[in-house]
Trainee: 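Have a look at this one.
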Amino acid sequence: MEILAQEGFRLYKLVHLDDSAIERTASELIEGSQLLGNRDLWVANFKATVERVRSWCDRLSSSVRMTLVDIRSTKVSFYVVPASSRYDLDLGAEMTNLEVELEGSAGIGPVDTIQVPDRSLPRFIGPRALVVWPAVGG
C-alpha cells in the first residue's frame with residue numbers, strides 16, 4: 001500500500017510495510033549492531049578488507065595512483081585516485097565490482113568507493129583518512 005503526501009514543494013511516498021518486513025529489517029539491524037559492537041571482529045574484518053583493496057590496487061596499478069580510506073560514522077569510504085587526470089571509465093567499472101564484493105563480504109558495515117582526481121582530494125577526504133595503497137613504510 002502506498003500513500004502520497006505533500007508538504008510545500010516536497011512530495012513524500014509513504015510505504016506501508018507488513019509486519020514480516022519490519023521484523024526482518026529489525027533482525028538485520030540487530031545482527032549488524034552485534035557485529036559492530038564486537039570491536040575486535042570489526043578491526044579484523046577492516047584489516048582483511050584493506051588487504052583485499054591493496055590486492056585490487058596491485059592488480060590495477062597502471063590505473064591507480066593512490067587509494068585512501070576514511071572511516072565515517074555511517075560507512076567506510078575508499079577514495080581511489082586514478083593515474084589519469086580525467087575520470088577513468090574502466091577503473092570506475094572495476095571500482096563498482098570491488099564495491100559490490102566488499103559490500104557483501106567485508107563485515108564492516110556499508111562500504112563505498114569513490115574515484116577522485118588528485119587535485120580534488122582535499123574536498124573529499126577527511127583529516128583522519130589513511131593511505132591504503134601504495135603501502136606506506138613497506
Trainee: Taking all non-hydrogen atoms of both residues into account, name the closest pair between A83 and S62 and its distance.
Mentor: CB-O, 3.6 Å
Trainee: Show me the pairs that pass ring-ring contact (aromatic ring centres under 6.0 Å, His included) and involve residues 100-128, at least two apart or across chains.
Mentor: none
Trainee: How about L68 and L121: do any of their side-chain heavy atoms sit closer than 4.5 Å?
Mentor: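 Yes, their side chains come closer than 4.5 Å.
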Trainee: Of all the heavy-atom pairs spanning P134 and M66, show the shortest one and how long it is.
Mentor: CD-CA, 4.2 Å
Trainee: Can you name the salt bridge (charged side-chain N to carboxylate O under 4.0 Å, His left out) partners of E99, sequence neighbours left out?
Mentor: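 With sequence neighbours excluded, E99 shows a salt bridge (charged side-chain N to carboxylate O under 4.0 Å, His left out) to no residue whatsoever.
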Trainee: Tell me, do Y79 and V69 make a side-chain contact under 4.5 Å, heavy atoms counted?
Mentor: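 Answer no - side chains too far apart.
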Trainee: Say you draw a straight line from OG of S77 to CD1 of I71; how long is it, rounded to the nearest 0.5 Å?
Mentor: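 With rounding to 0.5 Å, OG (S77) is 10.0 Å from CD1 (I71).
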Trainee: Is there any side chain to side chain donor-acceptor pair (under 3.5 Å) pair reaching into residues 86-97, and which pairs are they, with sequence neighbours excluded?
Mentor: R59-E94
Trainee: Taking side chain to side chain contact (heavy atoms under 4.5 Å, CB included) as the test, write out the residues that go with A44, two or more places apart.
Mentor: none
Trainee: Report the distance from atom CH2 of W56 to atom CG of L98, rounding to the nearest 0.5 Å.
Mentor: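 So the gap between those two atoms works out to 5.5 Å.
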Trainee: Roughly how far apart are I114 CD1 and T67 OG1, rounded to 0.5 Å?
Mentor: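 Result: 12.0 Å between the selected atoms.
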Trainee: Would you mind listing every salt bridge (charged side-chain N to carboxylate O under 4.0 Å, His left out) that reaches into residues 114-133, with sequence neighbours excluded?
Mentor: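 Residue pairs passing salt bridge (charged side-chain N to carboxylate O under 4.0 Å, His left out), neighbours aside: R65-D118.
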Trainee: Does F46 have any ring pair (Phe, Tyr, Trp, His ring centres under 6.0 Å) partners at least two apart in sequence or in another chain, and if so, which?
Mentor: W42
Trainee: What's the spacing between R52 CZ and C57 SG if we round to 0.5 Å?
Mentor: 9.5 Å
Trainee: Report the residues that fulfil salt bridge (charged side-chain N to carboxylate O under 4.0 Å, His left out) with E51, sequence neighbours left out, ordered by chain and then residue number.
Mentor: R54
Trainee: Are V100 and V50 in one and the same hydrophobic cluster, where Ile, Leu, Val, Met, Phe, Trp and Tyr link if side-chain heavy atoms are under 4.5 Å apart?
Mentor: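 Hydrophobic grouping puts V100 apart from V50.
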Trainee: Side-chain heavy atoms nearer than 4.5 Å, only ILVMFWY residues, links allowed to pass through others: does that put V116 and V131 together?
Mentor: yes
Trainee: Is any side-chain heavy atom of L91 closer than 4.5 Å to a side-chain heavy atom of L60?
Mentor: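 Yes; the side chains approach each other to less than 4.5 Å.
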Trainee: For D58, check side chain to side chain contact (heavy atoms under 4.5 Å, CB included) against everything at least two apart and list the hits.
Mentor: W133
Trainee: I'd like to know if the side chain of N45 and the backbone of I108 have a donor-acceptor N/O pair within less than 3.5 Å.
Mentor: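 It does not hold such a pair.
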Trainee: If you look only at pairs with a residue in residues 104-116, which of them pass as a salt bridge (charged side-chain N to carboxylate O under 4.0 Å, His left out), with sequence neighbours excluded?
Mentor: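 Qualifying pairs: K75-D112.
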